[in-house]
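For reference, the structure discussed in these notes is given below.
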Amino acid sequence: MSTTDSLDNSHLSKRLQGSCDITPETPSVKELECILYSGKSYMNHVDEVWPNLFLGDMCMAHDRHGLWKLGITNVLNAAHGKTHCQGSHAFYGTAMDYYGVPANDLPTFDISPYFYPSADYIHEVLNTPGARIFVHCAVGVSRSASLVLAYLMIHHRFTLLDAIRKVKESRWIFPNRGFLKQLRTLDIALHKQH
């Protein structure tokens, strides 16, 4: 690497660092995306992102034995009825309770009506002794991650930024831009309540 390359990389690094400066209020979508891009980018099929709360993909959702080994008692499918994510009460039987959210992973899809019902479902499960919940969509980074972030914000008073940082300790996530805007709106509304 030449000295010029080194200087260019140093300059680029400083520019990127500066572009990720976070304002004290709810960060912009661009700032949130900058944070989401950072950190580890590999994914497992499932990760525990909060005590007894697992976030993952459809491969894990289709592995009933794997879920049983994890001690999962409840499944929240954020892609209910979508291609390759057709979980149901019949699929899991009496061993696990199933909750379906028919969300599309599109920036134009309004996932916000599912924030409170999903957060309440997760909260109820996690307040049940011995219960463990698996939240998933197709890949486990956008729809399901958005619902987990909303849960942390609604029931644990995390800011959106703190919720993202908490989940990113265990799993790479990347809610689409439309979901980030809706989570920002939730964040602002929750700030006003406190």
Side-chain angles (χ1 to χ4, degrees), residues 7-44 46-51 53-57 76-80 82 85 101-123 126 135-194:
L7 289 173
D8 288 345
N9 287 341
S10 173
H11 178 69
L12 177 63
S13 176
K14 285 180 184 173
R15 277 185 46 220
L16 286 175
Q17 239 177 3
S19 70
C20 287
D21 289 342
I22 302 302
T23 53
E25 64 275 352
T26 299
S28 70
V29 169
K30 185 178 178 184
E31 290 169 326
L32 291 169
E33 287 177 334
C34 190
I35 292 161
L36 289 164
Y37 275 126
S38 68
K40 70 176 188 174
S41 60
Y42 65 92
M43 288 182 300
N44 299 312
V46 61
D47 295 289
E48 188 172 17
V49 297
W50 185 258
L53 171 54
F54 295 80
L55 180 57
D57 63 19
L76 190 164
N77 177 1
H80 175 74
K82 307 304 173 197
C85 277
V101 172
N104 289 317
D105 191 17
L106 299 169
T108 54
F109 183 83
D110 187 2
I111 198 169
S112 65
Y114 299 103
F115 286 163
Y116 276 91
S118 297
D120 291 345
Y121 179 75
I122 294 168
H123 189 66
L126 294 180
V135 182
H136 78 91
C137 52
V139 184
V141 299
S142 186
R143 289 170 281 193
S144 55
S146 296
L147 296 180
V148 168
L149 293 171
Y151 161 72
L152 292 173
M153 294 163 66
I154 292 165
H155 286 285
H156 294 283
R157 297 188 175 184
F158 275 64
T159 64
L160 173 54
L161 184 57
D162 289 340
I164 287 171
R165 286 178 173 154
K166 179 62 185 168
V167 173
K168 277 180 61 67
E169 287 174 8
S170 306
R171 183 174 183 82
W172 186 82
I173 58 169
F174 205 90
N176 73 48
R177 184 165 277 209
F179 294 174
L180 286 176
K181 288 178 182 175
Q182 294 167 55
L183 287 164
R184 283 189 81 249
T185 301
L186 176 64
D187 195 36
I188 292 164
L190 289 170
H191 282 317
K192 289 178 181 172
Q193 290 176 16
H194 301 292

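Nothing here was measured: the structure is a model prediction, and the numbers come from that model.
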Verdict with reasoning, I111 to L147, per side-chain contact (heavy atoms from CB on, under 4.5 Å): CA-CA 9 Å; I111 198 169; L147 296 180; 4.1 Å; yes

CA sep, side-chain torsions, deciding dist, call: L186, L160, side-chain contact (heavy atoms from CB on, under 4.5 Å): CA-CA 8 Å; L186 176 64; L160 173 54; over 6 Å; no

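In this structure, Y114 has no side chain to side chain donor-acceptor pair (under 3.5 Å) partners at least two apart in sequence or on a different chain. Taking H191 as the reference, nothing meets the ring pair (Phe, Tyr, Trp, His ring centres under 6.0 Å) condition, with sequence neighbours excluded. In this structure Y121 satisfies the ring pair (Phe, Tyr, Trp, His ring centres under 6.0 Å) test together with Y99, sequence neighbours excluded. Contacts of N176 classified as side-chain contact (heavy atoms from CB on, under 4.5 Å), with partners at least two apart in sequence or in another chain: D105, P107, S142, F179. Residues that satisfy the side-chain contact (heavy atoms from CB on, under 4.5 Å) test with D110, not counting sequence neighbours, are S112, P113, Q182.
The residue from H123, H156, H155 that alone fulfils the ring-ring contact (aromatic ring centres under 6.0 Å, His included) condition with W50 is H156.
In this structure a side-chain-to-backbone donor-acceptor pair under 3.5 Å is missing from S144 to A78. No donor-acceptor distance shorter than 3.5 angstrom exists from the side chain of R143 to the backbone of C137, with no hydrogens or angles considered. R171 contributes no side-chain N or O that, together with a main-chain N or O of A145, makes up a donor-acceptor pair within less than 3.5 Å.
A salt bridge (Lys or Arg N to Asp or Glu O under 4.0 Å) check over residues 180-191, counting only residues at least two apart or in different chains, returns nothing.
Residues L149 and I173 have side chains in contact (heavy-atom distance under 4.5 Å, counting atoms from C-beta outward). Taking 4.5 Å as the limit, some side-chain heavy atom of Y151 sits within range of a side-chain heavy atom of L126. Proximity of H136 to N77: side-chain heavy atoms (C-beta onward) are separated by under 4.5 Å at one or more points. Side-chain contact between R157 and L190 is absent, with no heavy-atom pair separated by less than 4.5 Å.
Note on K30 versus E33: no salt bridge recorded, every NZ/NE/NH1/NH2 to OD/OE distance being 4.0 Å or above.
For the pair L36 and W172, the tightest heavy-atom approach, listed with the atom from each and the gap, is O-NE1, 3.2 Å. Nearest heavy atoms, G140 versus L55: O-CG, 3.9 Å. Taking both residues in full, the closest heavy atoms of D162 and T159 are given as N-OG1, 3.0 Å, listed atom of the first, atom of the second, then distance.
Taking CZ of F54 as the start and CD of E48 as the end, the distance is 3.5 Å to the nearest 0.5 Å. The distance from atom CG of L183 to atom CG of L32, rounded to the nearest 0.5 Å, is 8.5 Å.
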